[in-house]
Novice: 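Handing you a structure now.
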Amino acid sequence: MPRRRIRMTGTPEAPLRAALTALRTELGVPENFPPEVLAEAEQAAAAPLPQVPDVTDIPFFTVDPPTSMDLDQAMHLSRRGTGGYRVRYAIADVAAFVVPGGALDAEAHRRVTTLYFPDEKTPLHPPLLSEGAASLLSDVTRPAVLWTIDLDADGRTVAVDVHRALVRSRAKLDYATVQQRIDAGTAEEPLALLKDIGEARERLEVERGGISLNVPEQEIVERDHTYELAYRAPLPADGWNAQISLLTGMAAADLMLTHGTGVLRTLPAAPDGAVGRLHRTAHALHIDWPHHVSYAQLVRSLDPHLPHHAAFLQECTALLRGAGYTVFRDGNLPPITTHAAVAAPYTHCTAPLRRLVDRYAAEICLSPASPPAWVLAGLDTLPKEMADGSRLAGTIERECVDIVEAALLKDRVGDLFDGYVVDVEERQPTVGKVQLDSPAVVARIEGGATPLPLGERLRVRLTQAEPGTSKVRFAPA
């Protein structure tokens, strides 16, 4: 089963657009930024660049979806003369634009995170900053929090430095372009090393028992002047890029723990019962899981292009629920300091344009022995703010999928489709979820007289689909 966020290009049809607008109203999603916030953003964008070290001679590059303009990260990768690698990772310095206690700061605390809809997004900061003055766009000088992380030949961290700097990205790349250049052997060394370092870090992730789930996404694609849903499996380049972010988040967490103050992204280990349920699901989906193979090893062996593997990967996300933010200070470390999926201490610090907590994490890492007073004053309320924001984002993600699926299938009620049963309720085995081969839809199935065959193909009939009114439902044919 794919991830539930839907990507879309182009302008949606009127019924879909109306349903999405109604959803924003129903959930109280912020609309335009207040005048005082925009005025403060304009003033911040026009201010002179901060007096910090200038490293604009380093040819950084960014890797993001093609249409993204809110670019949080830029990187430069190189080999060390003594062996191993050097990762320079520049993160947008949002604190250079946001005055603590000001209108921009207050609005960011109200919004907490950027919210994504298929037709548009509701940004955390005004686009003048998030897609302009603070974004690490190519061929412009920008303030950044610059991480320099030295790795040995196996990809293990041997030294970390972080400070403010002025940087200049030379290229805005997307994942497909990165993958094509690396596969073709035409990538210059700073880009080609993304594969070497990414794969080294992936090997270390396996070694420590970490997990990266390559779950396919649903996306809306335009074909023959109409829209349809399709699946997109992540490219290897997606994973290599994610490893650079994970590396930085782990380095930041170590800094916080060493100095005794910080905010970690934590996740308890999954209970034995949850892992046992996954074993049963693997069996039902005809996935061979020998007892001597660890959970992390199994996940790495799966192919997200295969429907039953994709379904199992989605079931694996159940083990990642329960993640939260844990604050500590004055050397009083919390009982849990690790993130079970990362299998190490970890914090969010690489997406400050889109996530409130990352600005706080960056400031703690820049001054770990004595963080700014505004950071310390706001720490205790951060976990609840982020939890509320994450909950809203999750609701939007689920509701948007339902709306889009219904909009694209509204004229096909009664039609037959080929599907794959990817979930069955334990207490009601005639109710579950079906994943269609085409279009890329995952929806509830109910109404049969016999238990659903988990992991088996099934012919199904669409029984309802009305955007904004009724969710997509299927029944066994």
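What's counted below: heavy atoms across the whole structure, side chains too, no hydrogens, waters or symmetry copies.
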Novice: Begin with the C-alpha distance, continue with both residues' side-chain angles, and end with the deciding distance and a verdict on ring-ring contact (aromatic ring centres under 6.0 Å, His included) for Tyr175 and Trp240.
Specialist: CA-CA 10 Å; Tyr175 296 104; Trp240 303 332; over 10 Å; no
Novice: Would you indicate whether the side-chain heavy atoms of Phe117 and Ile396 approach each other to under 4.5 Å?
Specialist: yes
Novice: Can you find a pair of side-chain heavy atoms, one from Val441 and one from Gln435, that are under 4.5 Å apart?
Specialist: no
Novice: Does a side-chain N-to-carboxylate-O contact under 4.0 Å join Glu131 and Lys121?
Specialist: yes
Novice: Could you give me the CA-CA distance, side-chain angles and deciding distance for Thr157 and Leu151, then say whether side-chain contact (heavy atoms from CB on, under 4.5 Å) is met?
Specialist: CA-CA 5 Å; Thr157 301; Leu151 309 174; 3.7 Å; yes
Novice: Any heavy-atom pair between the side chains of Tyr325 and Leu264 that's under 4.5 Å?
Specialist: no
Novice: Between Arg203 and Glu207, does the salt bridge (charged side-chain N to carboxylate O under 4.0 Å, His left out) criterion hold? Intermediate values first, please.
Specialist: CA-CA 6 Å; Arg203 288 191 292 271; Glu207 180 182 295; over 6 Å; no
Novice: Are Arg24 and Asp119 ion-paired here, with the side-chain N under 4.0 Å from a carboxylate O?
Specialist: yes
Novice: side-chain contact (heavy atoms from CB on, under 4.5 Å) for Gln243 and Leu194? Distances and angles first, verdict last.
Specialist: CA-CA 9 Å; Gln243 286 297 329; Leu194 181 61; over 6 Å; no
Novice: Suppose the criterion is salt bridge (charged side-chain N to carboxylate O under 4.0 Å, His left out): which pairs have a residue in residues 350-371, not counting sequence neighbours?
Specialist: Asp72-Arg354, Asp105-Arg359, Arg164-Glu363, Arg355-Asp358
Novice: Side-chain contact test, heavy atoms from C-beta onward, threshold under 4.5 Å: evaluate it for Tyr85 versus Ile149 and give yes or no.
Specialist: no
Novice: Looking at Glu189 and Arg79, does any basic side-chain N land under 4.0 Å from a carboxylate oxygen?
Specialist: yes
Novice: If you count every heavy atom of other residues, nucleotides or ligands that lies below 6.0 Å from Arg170 atom CZ, does the total exceed 12?
Specialist: yes
Novice: Evaluate the side-chain proximity of Pro126 to Val37: yes if any heavy-atom separation is below 4.5 Å, no if none is.
Specialist: yes
Novice: Any side-chain heavy atom of Thr261 within less than 4.5 Å of one from Met256?
Specialist: no
Novice: CD of Glu120: more than 12 outside heavy atoms within 6.0 angstrom?
Specialist: yes
Novice: May I ask you to test the Gln180-Asp183 pair for a side-chain heavy-atom distance under 4.5 Å?
Specialist: no
Novice: Relative to each other, are the rings of His76 and Phe60 parallel, tilted or perpendicular (30° and 60° limits)?
Specialist: perpendicular
Novice: Is atom CG of Asp57 surrounded by more than 12 heavy atoms (other residues, nucleotides or ligands) closer than 6.0 Å?
Specialist: yes
Novice: Quick one: do Arg398 and Asp402 make a salt bridge, cutoff under 4.0 Å?
Specialist: no
Novice: Side-chain polar contacts of residues 132-144 - donor-acceptor pairs under 3.5 angstrom, sequence neighbours left out - could you list them?
Specialist:
from, atom 1, to, atom 2, distance (Å)
Ser135, OG, Met69, O, 2.6
Ser135, OG, Leu71, N, 2.9
Thr141, OG1, Arg168, NH1, 3.0
Arg142, NE, Gly132, O, 3.2
Arg142, NE, Ala133, O, 3.1
Arg142, NE, Ser135, O, 2.9
Arg142, NH2, Gly132, O, 3.0

